[in-house]
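Being a predicted model, the structure only gives us computed values, none of them experimental.
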Amino acid sequence: TAVSLFYKMKNFKTAASFARRLIDLGPKPDIATQMRKILAACDKNPTDEHKLQYDQHNPFVLCAKSYQPIYRGKAVERCPLCSVNYMPEFKGQICSVCKVAEVGKECIGLRICPNQFR
């Protein structure tokens, strides 16, 4: 799990955050017990050894090309066909997911009947 991975990487602060979120979801008793043990160990030393581009309090979407977070309020470009998100620097490139549409291109999309044009 992400909690175990971050614990092994010695990112205790982030592991504790993930463990709290998982406990709040109400997992099976054995998983909850394991998360509480990890949470207790992480609370003794709440530091992160590796710097991450992650803010647990700010919602984000991932850029489909760079896999970097795009936080709420930042500029974002979308693929008009599959609607995946991209950072503005990838505008004008071909979508890396559907390999069909141009990122950031404005279009009306697929229309099947004349009533949809209104």
Side-chain angles (χ1 to χ4, degrees):
T1 64
V3 177
S4 307
L5 179 68
F6 278 84
Y7 184 79
K8 290 175 185 175
M9 289 174 46
K10 298 183 181 175
N11 278 24
F12 301 122
K13 185 176 177 182
T14 307
S17 167
F18 291 163
R20 280 188 197 90
R21 289 174 127 184
L22 186 57
I23 290 170
D24 289 344
L25 292 174
K28 295 179 183 177
D30 57 330
I31 294 173
T33 304
Q34 181 186 8
M35 290 302 116
R36 285 190 189 94
K37 288 178 184 177
I38 291 174
L39 186 58
C42 290
D43 284 341
K44 293 177 184 175
N45 185 18
T47 59
D48 283 342
E49 189 170 301
H50 303 283
K51 177 83 169 104
L52 301 175
Q53 290 183 343
Y54 172 69
D55 179 8
Q56 65 178 339
H57 303 292
N58 195 356
F60 64 91
V61 293
L62 284 178
C63 174
K65 189 85 162 183
S66 66
Y67 302 110
Q68 300 289 327
I70 305 171
Y71 291 103
R72 184 187 298 167
K74 300 287 184 184
V76 64
E77 297 293 335
R78 294 179 152 248
C79 171
L81 182 64
C82 63
S83 296
V84 296
N85 301 294
Y86 287 92
M87 292 184 164
E89 64 220 39
F90 299 112
K91 184 175 183 174
Q93 296 183 10
I94 299 297
C95 176
S96 60
V97 175
C98 67
K99 308 256 191 251
V100 174
E102 181 181 318
V103 174
K105 188 79 168 175
E106 294 293 325
C107 65
I108 61 171
L110 178 64
R111 304 292 182 200
I112 297 174
C113 73
N115 293 338
Q116 293 177 320
F117 289 105
R118 296 184 186 165

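By the criterion of side-chain heavy atoms lying less than 4.5 angstrom apart, applied directly or through intervening Ile, Leu, Val, Met, Phe, Trp or Tyr residues, L62 is grouped together with Y71 in one hydrophobic cluster. There is a path of hydrophobic side-chain contacts, each under 4.5 Å, that joins L22 to L52. Hydrophobic clustering of Ile, Leu, Val, Met, Phe, Trp and Tyr side chains at less than 4.5 Å, counting indirect connections, unites V84 with M87.
Q93 pairs by the side chain to side chain contact (heavy atoms under 4.5 Å, CB included) definition with K65, F90, not counting sequence neighbours. Contacts of Y86 classified as ring-ring contact (aromatic ring centres under 6.0 Å, His included), with partners at least two apart in sequence or in another chain: none.
Within the 4.5 Å cutoff, the side chain of M35 has no heavy atoms near those of the P27 side chain.
Legend: side-chain hydrogen bond (donor to acceptor under 3.5 Å, both in side chains) pairs involving residues 73-83, not counting sequence neighbours, sorted by first then second residue: R78-N85. Residue pairs meeting the side-chain hydrogen bond (donor to acceptor under 3.5 Å, both in side chains) criterion with at least one partner in residues 4-19, sequence neighbours excluded, are T1-S4, T14-D48, S17-Q56. For residues 14-32, the set of pairs meeting the salt bridge (Lys or Arg N to Asp or Glu O under 4.0 Å) definition, not counting sequence neighbours, comprises R20-D43. For the ring pair (Phe, Tyr, Trp, His ring centres under 6.0 Å) condition, the pairs that include at least one residue of residues 16-40, sequence neighbours left out, are F6-F18, F18-Y54.
Across all their heavy atoms, A19 and V3 have their closest contact at N-CG2, 3.8 Å. When all heavy atoms are compared, the tightest approach of A101 to L81 is CB-CB, 4.0 Å. Annotation for S96 and A64: closest pair OG-O, 3.5 Å, computed over non-hydrogen atoms. In this structure, F12 and N45 approach most closely via the heavy-atom pair CB-O, 3.2 Å.
Separating the OG1 atom in T33 from the CD1 atom in I23 is a distance of 9.0 Å, to the nearest 0.5 Å. C79 SG to K105 NZ: the interatomic distance, rounded to the nearest 0.5 Å, is 12.5 Å.
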